[in-house]
Amino acid sequence: MAVELRRVAGAPMAQVVHIRTHDLVVDGSVEEGGTDSGPSPHDLYDAALGACKALTVLWYARRKGLPVEDVQTVVEHDASAERTGVYRLATRLQVRGDLNDAQIAELEAVAQKCPVHKLMTTVTTEISTSVELVP
């Protein structure tokens, strides 16, 4: 699967991201030279973690028959040490349902194992980049 991005005509930085049948705009903040017409790449990185944790908890709860009615996720980041190699993310999943403490602990353990969490913390990601001149 490929993710494709194309510049928004007339915009200084904004890109349309095309994933399967979905489109969304990504842009830099005004301070970065963009128009803030969409989330930044860092925002998407943070959102990927929060979404993965929520989807993982919902999938697990359905599979195990746990009475989870809703999951809302808050992701807060601390980029103050990013330039020295540390980017901190704190996630808080707010779960609604008739759950006991043991079930909450079980869901927390499952959320810690979501695939994006693993990608961000235990997998070596290799990236290649090429720049091609097009006519």
Side-chain angles (χ1 to χ4, degrees):
M1 180 195 82
V3 174
E4 297 178 356
L5 293 93
R6 296 195 187 271
R7 187 166 173 203
V8 174
M13 293 176 64
Q15 301 277 309
V16 173
V17 180
H18 182 74
I19 305 169
R20 293 187 313 277
T21 60
H22 311 284
D23 291 327
L24 63 135
V25 174
V26 177
D27 197 1
S29 67
V30 173
E31 298 79 25
E32 296 168 322
T35 60
D36 200 22
S37 62
S40 74
H42 272 81
D43 295 334
L44 295 178
Y45 185 81
D46 300 355
L49 180 64
C52 187
K53 288 183 178 292
L55 294 175
T56 298
V57 164
L58 289 166
W59 169 83
Y60 182 85
R62 185 173 1 126
R63 188 169 158 241
K64 294 292 185 174
L66 299 177
V68 172
E69 297 169 15
D70 190 23
V71 176
Q72 293 184 10
T73 307
V74 176
V75 180
E76 295 177 343
H77 73 260
D78 175 358
S80 62
E82 182 178 359
R83 292 194 186 272
T84 61
V86 179
Y87 186 71
R88 292 180 178 89
L89 294 170
T91 59
R92 187 173 66 251
L93 281 75
Q94 300 167 331
V95 180
R96 184 175 294 117
D98 187 20
L99 299 160
N100 60 39
D101 290 343
Q103 291 168 321
I104 293 292
E106 186 177 355
L107 293 175
E108 186 172 311
V110 166
Q112 298 275 5
K113 297 176 185 175
C114 85
V116 171
H117 185 129
K118 287 181 184 179
L119 278 174
M120 290 178 168
T121 59
T122 63
V123 173
T124 299
T125 300
E126 297 178 358
I127 300 170
S128 65
T129 303
S130 64
V131 176
E132 303 167 349
L133 185 61
V134 295

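What you see below is based on every heavy atom in this structure, not just the backbone, and it leaves out hydrogens, waters and symmetry mates.
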Q.
When you group the ILVMFWY residues by side-chain heavy-atom contacts below 4.5 Å and let the links chain together, are Ile19 and Val16 in the same group?
A. no
Q | Joint hydrophobic cluster, Val75 plus Leu93, side-chain heavy atoms closer than 4.5 Å | A | no
**Q.** Greater than 12 external heavy atoms within 6.0 Å of Asp98's CG
**A.** no
Q: Sequence neighbours left out, what passes side-chain hydrogen bond (donor to acceptor under 3.5 Å, both in side chains) with Glu31? Give chain and number order.
A: Ser29
Q) Going by heavy atoms in the side chains, are Leu49 and Thr91 under 4.5 Å from each other? A) yes
Q: Measure the spacing between CG of Asp46 and OG1 of Thr73 and express it to the nearest 0.5 Å.
A: 13.0 Å
(Q) Please say yes or no: joined through hydrophobic side-chain contacts below 4.5 Å, possibly via intermediate residues, are Met13 and Leu5 part of one cluster? (A) no
Q) Between CG of Leu66 and CG of Leu107, what distance do you get to the nearest 0.5 Å? A) 5.5 Å
Q: Give the minimum heavy-atom separation between Ser37 and Val25, together with the two atoms involved.
A: OG-CG1, 3.5 Å
Can I get a per-line list of side-chain donor-acceptor pairs under 3.5 Å for residues 116-135, giving both atom names and the distance, sequence neighbours left out?
from, atom 1, to, atom 2, distance (Å)
His117, ND1, Lys53, NZ, 2.7
Thr121, OG1, His117, O, 2.7
Thr122, OG1, Lys118, O, 2.9

(Q) Counting neighbours of CD on Glu108 that are heavy atoms of other residues, nucleotides or ligands and sit closer than 6.0 Å, is the number greater than 12? (A) no
Q) To the nearest 0.5 Å, how far apart are NE2 in His77 and CG in Leu89? A) 8.0 Å
Q) For Asp101, does the CG atom sit with more than 12 other heavy atoms under 6.0 Å from it, leaving out its own atoms? A) no
Q. Could you give the distance from CZ (Arg88) to CD (Glu76), rounded to the nearest 0.5 Å?
A. 14.0 Å
Q: State, to 0.1 Å, how close Asp27 and Gly34 come at their nearest heavy-atom pair, and which atoms those are.
A: OD1-CA, 3.6 Å
(Q) Please enumerate all residues that pass side-chain hydrogen bond (donor to acceptor under 3.5 Å, both in side chains) together with Gln103, with sequence neighbours excluded. (A) none
Q) Looking at Ser40 and Val26, what are the two nearest heavy atoms and their distance? A) C-CG1, 4.0 Å
**Q.** Hydrophobic cluster identity match, Leu55 and Val57, side-chain contacts under 4.5 Å
**A.** no
Q) Would Tyr87 and His42 count as a ring-ring contact (aromatic ring centres under 6.0 Å, His included) if you check the C-alpha gap in whole Å, the side-chain angles of each, and the deciding distance to 0.1 Å? A) CA-CA 11 Å; Tyr87 186 71; His42 272 81; 5.6 Å; yes
Q | Pairwise side-chain contact, Leu44 with Leu24, heavy-atom cut-off 4.5 Å (strictly under) | A | yes
